Trainee: 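This is the structure I want to talk about, given as structure tokens.
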Amino acid sequence: MFSGFTKEMTLLPTDYGTVVIAVLTYQRPDDIALVLPRLLEQAASVSIKASVLVVDNDPGGNARSVVESFDSPNLRYANETHPGISAARNRALAESVGTDLLAFIDDDELPVENWLNFLLAQYAITQPAAVVGPVISEYAHKPSAWIEEGEFFQRRRLASGTERPAAATNNLLLDLRQIRAMGLTFDERFGLSGGSDTLFTRQIVEKGGRIVWCNDAVVIDRVPSSRLTQQWILRRSLRSGNSSSRVAIELASDHKERLLVRVVLAVRGGIRMVTGTARFLIGLPFKTARHRAKGLQTTARGVGMLSGAFGYVYSEYRRKSK
């Protein structure tokens with residue numbers, strides 16, 4: 001599946017000598033305990049100075065004892081008490097002052113062998129602002145026919161070097177010198193709703209930066225049983241549509257353009273709702289799981305887009321008050 005790797009592939013600029021692997025977490029101590037040994041191995045495998053940073057977004061410091069149990073000089077812990085993924089991502093940026101490169105990975109993912117080397121090697125070719133890699137899902141148990149037919153956890157693979165208009169931070173390498181020159185941080189208004197990584201990376205491209213694909217730098221997404229449900233899939237689709245509308249509105253240059261963007265998004269959202277519902281209904285008499293699954297997903301995304309166009313914020317990650 002993966003091409004061979006040699007140290008000669010990593011020909012970084014001579015003054016680029018540091019990289020931090022940042023993993024953000026919130027109340028997942030078992031996941032952190034599983035991924036940290038692998039990230040420390042990744043850091044030790046590269047030819048430049050590398051370290052691992054855990055940003056714990058739990059005010060109670062849920063992951064602290066797990067991190068400290070490793071007692072590694074290449075491992076750091078930061079407790080970001082302000083809630084939201086944007087705040088945690090910004091803390092990673094702040095903790096990486098003086099660092100040249102920053103690699104993000106999620107706490108419920110596992111990198112393949114030489115993952116970091118592959119990202120660095122792709123970066124070395126043209127020094128883009130960011131390099132993004134693929135995510136492959138592994139399931140806690142066999143998914144239902146509805147999920148399998150819907151292909152909800154299948155993601156596209158592209159040729160290495162392909163430029164992308166945006167990216168998520170679940171497998172992303174950033175050139176921090178370029179990011180700092182652009183003055184970019186993650187918008188904390190998207191902290192509990194999701195979408196701050198999409199906005200951030202689209203801003204990179206708008207400011208002239210490049211995001212390129214590295215097909216060999218794979219991470220494995222371990223999908224728990226709680227996500228292998230129709231309810232979770234539809235909730236995520238609604239959130240995705242909602243945040244995509246909000247990102248598009250945020251990127252508009254002035255009031256007139258924002259109004260136009262809202263109208264276009266509302267129309268597109270409505271069309272998705274109609275076509276998705278029609279596809280779902282077509283699947284009923286023929287008992288076609290694919291049409292029913294894809295139809296419901298399209299409808300949910302359309303609802304999200306339409307609601308976002310009118311200013312509604314769907315906070316998928318909102319936390320229960322104690």
Side-chain angles (χ1 to χ4, degrees), residues 1-6 9-10 19 21-23 31 35 38-39 41-42 45-46 101-175 194-195 197-202 204-205 209-224 227-228 232-233 236-237 239-241 243-244 247 289-290 293-294 297-298 301:
M1 180 183 296
F2 311 113
S3 61
F5 176 82
T6 62
M9 291 171 61
T10 311
V19 59
I21 305 171
V23 54
D31 287 339
V35 73
R38 291 161 174 80
L39 295 183
E41 289 174 3
Q42 295 281 337
S45 73
V46 298
L101 301 162
L102 174 63
F104 279 108
I105 187 172
D106 284 356
D107 59 357
D108 56 356
E109 296 174 340
L110 297 175
V112 301
E113 184 178 3
N114 279 319
W115 162 73
L116 184 58
N117 272 306
F118 283 128
L119 287 175
L120 294 175
Q122 186 64 54
Y123 169 78
I125 296 173
T126 58
Q127 288 93 60
V131 179
V132 58
V135 178
I136 296 177
S137 294
E138 287 187 353
Y139 309 115
H141 60 76
K142 182 177 174 58
S144 66
W146 188 86
I147 288 179
E148 287 189 330
E149 288 295 326
E151 301 175 331
F152 302 119
F153 294 98
Q154 294 185 26
R155 302 168 176 91
R156 285 196 303 166
R157 300 288 293 273
L158 304 168
S160 291
T162 303
E163 294 198 19
R164 304 296 298 142
T169 55
N170 53 359
N171 185 5
L172 184 70
L173 177 74
L174 295 175
D175 180 340
D197 50 355
T198 302
L199 176 59
F200 180 88
T201 52
R202 284 189 61 180
I204 289 176
V205 175
R210 295 170 54 247
I211 303 171
V212 301
W213 183 266
C214 178
N215 201 43
D216 288 325
V218 174
V219 298
I220 307 300
D221 172 34
R222 297 176 298 110
V223 184
R227 296 186 179 184
L228 294 174
W232 189 90
I233 295 294
R236 175 54 58 96
S237 298
R239 193 275 291 172
S240 178
S243 62
S244 68
V247 166
R290 181 175 178 81
K294 292 285 191 181
Q297 182 195 35
T298 300
R301 184 171 175 84

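Predicted, not measured: the structure shown is a model, and the values here were computed from it.
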Trainee: Could you check whether any side-chain heavy atom of Trp115 comes within less than 4.5 Å of a side-chain heavy atom of Val218, counting everything from C-beta outward?
Mentor: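 No; the side chains remain at least 4.5 Å from each other.
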Trainee: Show your working on side chain to side chain contact (heavy atoms under 4.5 Å, CB included) between Leu172 and Thr201 and close with a plain yes or no.
Mentor: CA-CA 10 Å; Leu172 184 70; Thr201 52; 4.2 Å; yes
Trainee: To check you understand the geometry: which heavy-atom pair defines the closest contact between Asp216 and Ser160, and what is its length?
Mentor: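 Of all heavy-atom pairs spanning Asp216 and Ser160, the closest is N-OG, 4.3 Å.
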Trainee: Looking at every heavy atom in both Asn171 and Pro134, which two are closest together, and how far apart are they?
Mentor: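 In this case the closest contact between Asn171 and Pro134 is ND2-O, 3.1 Å.
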Trainee: Residues two or more places apart in sequence or in another chain: which of them pass side-chain contact (heavy atoms from CB on, under 4.5 Å) with Glu149?
Mentor: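 side-chain contact (heavy atoms from CB on, under 4.5 Å) check on Glu149 returns Ala289, Arg290.
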Trainee: With a 4.5 Å cut-off on side-chain heavy atoms, are Val46 and Leu120 touching?
Mentor: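 SC-SC contact between Leu120 and Val46 confirmed.
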Trainee: Do Trp146 and Phe152 have ring centroids that are under 6.0 Å from one another?
Mentor: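 Yes - the distance between ring centres of Phe152 and Trp146 falls below the 6.0 Å cut-off.
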Trainee: Taking side-chain contact (heavy atoms from CB on, under 4.5 Å) as the criterion, tell me which of Ile21, Asn170, Leu173, Leu174 meets it with Phe104.
Mentor: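 Answer after filtering Ile21, Asn170, Leu173, Leu174: Leu174.
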Trainee: Would you say the side-chain atoms of Ser240 pair up with the backbone N or O of Arg236, donor to acceptor, closer than 3.5 Å?
Mentor: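 No, the answer is negative, given that no donor and acceptor are paired below the 3.5 Å cut-off.
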Trainee: Walk me through whether Arg227 and Ile233 qualify under side chain to side chain contact (heavy atoms under 4.5 Å, CB included).
Mentor: CA-CA 7 Å; Arg227 296 186 179 184; Ile233 295 294; over 6 Å; no
Trainee: Please report the shortest heavy-atom distance between Val131 and Cys214, naming the atom on each side.
Mentor: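 Looking at all heavy atoms of both residues, the shortest contact is CG1-CB, 3.7 Å.
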Trainee: With the side chain counted from C-beta on, respond yes when Gln122 and Val212 share a heavy-atom pair under 4.5 Å apart, and no when they do not.
Mentor: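 Contact flag for Gln122/Val212 side chains = yes.
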Trainee: Would you check, one step at a time, whether the test side chain to side chain contact (heavy atoms under 4.5 Å, CB included) holds for Leu228 with Ile147?
Mentor: CA-CA 7 Å; Leu228 294 174; Ile147 288 179; 4.1 Å; yes
Trainee: Give the minimum heavy-atom separation between Ala166 and Arg202, together with the two atoms involved.
Mentor: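 Here Ala166 and Arg202 meet closest at CB-CG, 3.6 Å.
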Trainee: Between the main-chain N or O of Gln42 and the side-chain N or O of Ser45, is there a donor-acceptor pair closer than 3.5 Å?
Mentor: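 Judged by distance alone, yes, a pair lies under 3.5 Å.
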Trainee: If you measure from CG on Asp31 to CG on Asp108, what distance do you get to the nearest 0.5 Å?
Mentor: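 Here the interatomic distance stands at 6.0 Å.
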Trainee: Could you tell me whether Asp107 and Arg222 have a side-chain N and a carboxylate O separated by less than 4.0 Å?
Mentor: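 The answer is no: the pair does not qualify as a salt bridge.
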Trainee: Is the shortest heavy-atom distance from the side chain of Ile211 to the side chain of Glu163 under 4.5 Å?
Mentor: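 No, side chains not in contact.
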Trainee: Look up atom CZ in Arg210 and atom CD in Gln127, then write down how far apart they are to the nearest 0.5 Å.
Mentor: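 The CZ atom of Arg210 sits 9.5 Å away from the CD atom of Gln127.
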Trainee: Would you find more than 12 non-hydrogen atoms of other residues, nucleotides or ligands less than 6.0 Å from Glu151 atom CD?
Mentor: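 Count over threshold, so yes.
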Trainee: What closest approach, in Å, do Glu113 and Phe118 show between heavy atoms, and which atom pair accounts for it?
Mentor: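 It is O-CE1, 3.7 Å.
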Trainee: How close do Ser137 and Phe153 get, counting heavy atoms only, and between which atoms?
Mentor: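 For Ser137 and Phe153, the tightest heavy-atom pair comes out as OG-O, 3.5 Å.
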Trainee: Distance-only, no hydrogens or angles: does the Thr162 side chain make a donor-acceptor pair with backbone N or O of Leu158 under 3.5 Å?
Mentor: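 Checked: no pair found.
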Trainee: Between Val135 and Glu109, is there a side-chain heavy-atom distance shorter than 4.5 Å?
Mentor: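 Side-chain contact under 4.5 Å: yes.
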Trainee: State, without any angle test, whether Trp213 and Asn215 hold a side-chain donor-acceptor pair at a distance under 3.5 Å.
Mentor: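 Note: Trp213 and Asn215 side chains meet the donor-acceptor criterion.
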Trainee: How long is the gap from OG on Ser237 to CZ on Arg301, to the nearest 0.5 Å?
Mentor: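 If we round to the nearest 0.5 Å, Ser237:OG and Arg301:CZ are 8.0 Å apart.
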Trainee: Check whether any side-chain heavy atom of Ile105 lies under 4.5 Å from a side-chain heavy atom of Pro111, and answer yes or no.
Mentor: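 Answer yes - side chains close enough.
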Trainee: Between Asp221 (side chain only) and Glu138 (backbone N and O only), is there a donor and an acceptor less than 3.5 Å apart?
Mentor: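 Not confirmed, Asp221 side chain does not pair with Glu138 backbone.
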Trainee: Would Val23 and Asp106 count as a side chain to side chain contact (heavy atoms under 4.5 Å, CB included) if you check the C-alpha gap in whole Å, the side-chain angles of each, and the deciding distance to 0.1 Å?
Mentor: CA-CA 6 Å; Val23 54; Asp106 284 356; over 6 Å; no
